[in-house]
Amino acid sequence: MPNCFKKTLFVLASALSFVSFLLIVIAMGTQKWMTGKILCKTGADLVNATDPELVKFIGDIYYGLFRGGKIRQCGLGGRRSKFTIFPHLVKKLNAGLHVMILIFLCAAISFALVSFGFCILNAIKVPFRAIKGPAGICLWNLLAGGFTSLAVTSFIAAVKLHHLTERIANFQENVFQFVILEEQYESSIWLCVASATSHVVNLLLIAISGVHFPEFKTKTEEATVTAEDIMY
């Protein structure tokens, strides 16, 4: 049985692993990975719009890993539309990179759950095999945090290097062309960052659990037997 201090650390580590699992699941299910402002360049050029008039041609866009939506402003009022990434839109994107992001997140979910199970095991008893002990927990947390970081990095690369927002904004637009005025990362991607951070904290907790702190023992007075004690 692990001592009370180590048991507390493993319980905290298991809670963080489970929280990491929940954060990734929530992030994958939401539509707010990225928001932005889009300008209807075709409409603005047609009327030769000046700066004050450009407001009539600026719309909004938001999207996640599976779906999103936009508001088109082309001078005739806003028109809302929604879209799904699969199965059609993904063909216009860097499909390989987008699928890799999903694979990385799914792998992170799996390893976070494995870490959760092993932390519970170590809180209950001391495993015989090293892979089931603190060394194994460190490995699963490294993998979970690493895959989450890879997913976040890949998404940022898709936005910055492959112009993800612009490709999505111009999907199925045969007449109008949209350009991106601004982009902003939203809560979902920060949930993934928080998930990766929780695994770093877990590594620190496991490292602390391996530290052997000195035990302070109270000195007991040695019993002395004298001749008087024998007499009485």
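FYI, the numbering just counts along the sequence from 1.
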Handout entry: Shortest non-hydrogen contact between Ser115 and Asn202, atoms and distance
Key =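 That would be OG-ND2, 4.2 Å.
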Practice task
Step through the shown structure and confirm whether more than 12 heavy atoms of other residues, nucleotides or ligands are within 6.0 Å of CZ on Arg79.
Solution key: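 Count not over threshold, so no.
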Exercise for the section: Rounded to the nearest 0.5 Å, what's the gap from CZ on Phe66 to CD1 on Ile85? Could you check? Expected result: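 Rounded to the nearest 0.5 Å, the CZ-CD1 separation comes to 9.5 Å.
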Handout entry: Main-chain N/O of His162 paired to Arg167 side chain as donor or acceptor, under 3.5 Å
Key =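 Here the side-chain-to-backbone pair exists.
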Problem - Considering all heavy atoms, the nearest Asn141-Ile137 contact - result: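 In this case the closest contact between Asn141 and Ile137 is ND2-O, 2.8 Å.
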Handout entry: Atom of Ala169, atom of Phe178 and distance for their closest heavy-atom approach
Key =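 That would be O-CD1, 3.8 Å.
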Exercise for the section: Determine the minimum heavy-atom distance between Ala13 and Leu205, stating which atoms define it. Expected result: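 Answer, listing the atom of Ala13 first, then Leu205: N-CD1, 4.0 Å.
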Exercise for the section: Taking side chain to side chain contact (heavy atoms under 4.5 Å, CB included) as the test, write out the residues that go with Leu46, two or more places apart. Expected result: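 So Leu46 forms a side chain to side chain contact (heavy atoms under 4.5 Å, CB included) with Thr42.
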Practice task
Look up atom CD1 in Ile180 and atom CD in Glu166, then write down how far apart they are to the nearest 0.5 Å.
Solution key: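 One gets 6.0 Å once the value is rounded to the nearest 0.5 Å.
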Practice task
Give the intermediate values and the outcome of side chain to side chain contact (heavy atoms under 4.5 Å, CB included) for residues Tyr63 and Thr165.
Solution key: CA-CA 9 Å; Tyr63 59 91; Thr165 308; 2.7 Å; yes
Handout entry: Phe171 six-ring face occupied by Lys92 cation (under 6.0 Å, within 45°)
Key =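 The answer is no, since Lys92 fails at least one limit relative to Phe171.
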Exercise for the section: Decide if atom CZ of Phe83 counts as having more than 12 heavy atoms of other residues, nucleotides or ligands within a radius under 6.0 Å. Expected result: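 Atom CZ in Phe83 is crowded, with more than 12 foreign heavy atoms closer than 6.0 Å.
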Exercise for the section: Could you tell me whether His88 atom NE2 has more than 12 heavy atoms of other residues or ligands within 6.0 Å of it? Expected result: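 No, because the 6.0 Å sphere around NE2 of His88 holds 12 heavy atoms or fewer from other groups.
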Problem - Common cluster, Leu142/Leu23, ILVMFWY with side-chain heavy-atom separation under 4.5 Å - result: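 As far as the 4.5 Å side-chain criterion goes, Leu23 and Leu142 are not connected within one cluster.
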Problem - Euclidean distance, Ile24 CD1 relative to Ser195 OG, rounded to 0.5 Å - result: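 Reported value, rounded in 0.5 Å steps: 3.5 Å.
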Problem - Close side-chain approach of Met34 and Glu183, heavy atoms under 4.5 Å - result: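 Side-chain contact under 4.5 Å: yes.
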Handout entry: Under 3.5 Å: donor-acceptor pair, side chain of His98, backbone of Leu65
Key =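 Yes; at least one donor-acceptor contact below 3.5 Å.
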Problem - Within-4.5 Å side-chain heavy-atom neighbours: Ile189 and Ile156 - result: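 Yes, close enough: below the 4.5 Å cut-off.
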Practice task
Would you list the pairs meeting ring pair (Phe, Tyr, Trp, His ring centres under 6.0 Å) in which at least one residue belongs to residues 23-42, sequence neighbours left out?
Solution key: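 Qualifying pairs: Trp33-Phe155.
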Handout entry: Thr35 side chain to Glu186 side chain, donor-acceptor N/O pair below 3.5 angstrom
Key =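 There is such a pair between these side chains.
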Practice task
Determine yes or no for a side-chain-to-main-chain donor-acceptor pair under 3.5 angstrom, with Ser20 supplying the side chain and Leu16 the backbone.
Solution key: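 Not confirmed, Ser20 side chain does not pair with Leu16 backbone.
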Practice task
Find the distance between SG (Cys74) and CZ (Phe176) and round it off to the nearest 0.5 Å.
Solution key: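 It comes to 4.5 Å.
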Handout entry: Closest heavy-atom pair and its distance - Lys160, Tyr185
Key =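 Scanning both residues, the minimum pair turns out to be CE-OH, 3.4 Å.
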Problem - Cationic N near anionic O, under 4.0 Å, Arg72 to Glu173 - result: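 Salt bridge flag = yes for Glu173 with Arg72.
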Practice task
Using atom types as modelled and distance alone, determine if a side-chain donor or acceptor of Thr153 lies under 3.5 Å from a backbone N or O of Leu150.
Solution key: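 Not a single qualifying donor-acceptor pair exists.
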Practice task
Identify the two heavy atoms, one from Ile38 and one from Ile71, that lie closest to each other, and give their separation to 0.1 Å.
Solution key: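 For Ile38 and Ile71, the tightest heavy-atom pair comes out as CD1-O, 4.1 Å.
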Exercise for the section: Using a strict 4.0 Å threshold on nitrogen-to-oxygen distance, state whether Asp60 and Lys37 make a salt bridge. Expected result: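 Result for this pair is yes, salt bridge flagged.
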Handout entry: Exercise: do His199 and Thr148 side chains pair donor with acceptor under 3.5 Å
Key =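 No - no donor-acceptor pair under 3.5 Å links their side chains.
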Handout entry: Sequence-distant partners of Leu54, side chain to side chain contact (heavy atoms under 4.5 Å, CB included), two or more places apart
Key =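 Result, side chain to side chain contact (heavy atoms under 4.5 Å, CB included) vs Leu54: Leu39, Ala44, Ala49, Asp51.
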Practice task
Kindly indicate whether the side chain of Val152, heavy atoms from C-beta on, has any atom under 4.5 Å from the side chain of Phe104.
Solution key: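 The answer is no, as the side chains (C-beta and beyond) never meet within the 4.5 Å cut-off.
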